Amino acid sequence: MIDFLSQLDTELFLFLNSFHTPSLDQFMMLLSSKMVWVPMYVMIFAMVVHRFGFAGGVIVALGVALTVTLADQTCATLIRPLVHRLRPANPDNPISDLVHIVWGYRGGSYGFPSCHAANTFAVATYLSYVFRHRRVAVVSLFAWAAVNCYSRVYLGVHYPGDILVGALIGAFMGYVSFRAVKMAGLWIFHHPLKPNRDIVHLSFGSGIPELHMSNSVLICATGVLTTTVLLFISLYAYFA
């Protein structure tokens, strides 16, 4: 059974990894980076503070740090040293010659489970509870996590199975962290964290009508804008 699943995982990986164009290589490399998403992280923090107040925002932010730490360390420190599953692009892996890699990037030695998948799905799950009444925000967060995960397969550093298990671990840690943070809010403030506002008013000066946008739309717009900028940077670098 394990051999069958491993073979299926390998075939699915080779299929998904084969969809390459030189113009998208840089885009996927940027998409996989953690730092390019800092504007979205800042926007989310600002929206959480706007929604729950500064003290509530800090507690929610600490919860994000907790869920990422739990997800990352579970994968990197507890499971990977036990499983020892080579990344597809690792030169010691028999299929490495069939893997399309980008700019010589092969990742570390072992890739099961994927820390990228665990971390992004942990954050997405955790924040989906924070914004659970805002469908656009929830869909945007999981779309961001899914795109990040596919970039890891595209770059040749993770099997789909690595991604799936990492995502499940991350989702579980996100739920656990949210419950812990909710209890912390109850203990500190003597009542659960409750939203006090959801609409942001954007003013651009006299004579220009104000924009009234929900937190969830702003989070979605920030993610889409970041992705669009990365795509244009990649296309310009390729064609210039």
Side-chain angles (χ1 to χ4, degrees), residues 2-40 71 75-76 80 83 85-125 138-171 220-240:
I2 294 179
D3 291 338
F4 170 76
L5 292 176
S6 178
Q7 180 63 29
L8 182 63
D9 199 21
T10 299
E11 292 177 359
L12 181 58
F13 164 79
L14 292 173
F15 173 73
L16 294 174
N17 178 254
S18 65
F19 296 103
H20 271 269
T21 62
S23 60
L24 286 180
D25 284 356
Q26 181 170 327
F27 173 67
M28 286 297 180
M29 184 66 78
L30 289 172
L31 203 65
S32 183
S33 172
K34 299 175 182 178
M35 296 306 296
V36 300
W37 296 104
V38 168
M40 190 180 79
C75 295
R80 281 188 182 180
V83 177
R85 189 187 197 191
L86 294 174
R87 293 177 185 267
N90 189 299
D92 294 329
N93 193 318
I95 72 165
S96 62
D97 291 338
L98 303 176
V99 178
H100 185 102
I101 61 174
V102 178
W103 302 349
Y105 174 65
R106 295 180 181 271
S109 298
Y110 306 120
F112 181 89
S114 166
C115 289
H116 260 77
N119 295 344
T120 53
F121 269 89
V123 172
T125 301
V138 173
V139 172
S140 300
L141 288 165
F142 281 105
W144 162 73
V147 169
N148 265 268
C149 288
Y150 174 69
S151 73
R152 306 302 289 170
V153 177
Y154 181 98
L155 296 174
V157 294
H158 281 298
Y159 291 98
D162 302 345
I163 299 295
L164 176 61
V165 175
L168 291 174
I169 291 172
C220 177
T222 304
V224 170
L225 178 61
T226 301
T227 304
T228 303
V229 169
L230 296 181
L231 180 59
F232 274 105
I233 290 174
S234 302
L235 293 175
Y236 176 80
Y238 177 72
F239 289 107

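Just so you know, these numbers come straight off a predicted model, no measurement behind them.
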Could you report the tightest heavy-atom contact between S96 and P91, atom names first, then the distance? OG-O, 3.6 Å

Side chain R106, main chain A89, donor-acceptor under 3.5 Å: yes

Specify the closest pair of heavy atoms between G170 and A71, including all atoms of both residues, with the distance to one decimal. CA-CB, 4.2 Å

Mind running side chain to side chain contact (heavy atoms under 4.5 Å, CB included) on F142 and T125 for me, showing each step along the way? CA-CA 8 Å; F142 281 105; T125 301; 3.8 Å; yes

Are any non-hydrogen side-chain atoms of Y154 and F27 less than 4.5 angstrom apart? no

Whether the side chain of H158 engages the backbone of R87 through a donor-acceptor N/O pair (distance < 3.5 Å, no angle test) should be reported. no

Give me the atom names and distance for the closest heavy-atom approach of R85 to S6. NH2-OG, 4.2 Å

Atom pair CG/CD of L12 and Q7 - distance to nearest 0.5 Å: 11.5 Å

Under the 3.5 angstrom rule, does the side chain of S32 hit a backbone N or O of M29 as a donor-acceptor pair? no

Would you find a donor on one side and an acceptor on the other, under 3.5 Å apart, between the side chain of R152 and the backbone of I163? no

C75 and I169 have their tightest heavy-atom pair at SG-CD1, 4.0 Å

Are side-chain heavy atoms of F121 and C149 found at a separation under 4.5 Å? yes

Please confirm whether the backbone N or O of W144 pairs with a side-chain atom of N148, one donor and one acceptor, at under 3.5 Å? yes

Counting only N and O atoms by type, is there a donor-acceptor contact under 3.5 Å from the side chain of N17 to the main-chain atoms of V99? no

Would you say the side-chain atoms of W37 pair up with the backbone N or O of T226, donor to acceptor, closer than 3.5 Å? no

Could you check whether any side-chain heavy atom of T227 comes within less than 4.5 Å of a side-chain heavy atom of V147, counting everything from C-beta outward? no

Donor-acceptor contact below 3.5 Å, side chain D162 vs main chain Y159: yes

Where is the tightest heavy-atom contact between P113 and G166, given as atom of each residue plus distance? CB-N, 3.7 Å

I need the S33 OG to M28 CE distance, nearest 0.5 Å. 14.0 Å

More than 12 heavy atoms of other residues, nucleotides or ligands under 6.0 Å from CZ of F15: is that the case? no

Can you check whether I95 reaches T10 side chain to side chain, under 4.5 Å on heavy atoms? yes

Keeping the roles fixed (side chain from N119, backbone from C115), state whether a donor-acceptor pair exists under 3.5 Å. yes

On a heavy-atom basis, which atom in P160 and which in D9 lie closest, and how many Å separate them? CD-OD1, 3.3 Å

Please answer whether the main-chain N or O of H20 pairs with a side-chain N or O of H100 as donor and acceptor at a distance below 3.5 Å. no

Establish, from distance only, whether the side-chain atoms of N90 and Y110 form a donor-acceptor pair under 3.5 Å. no

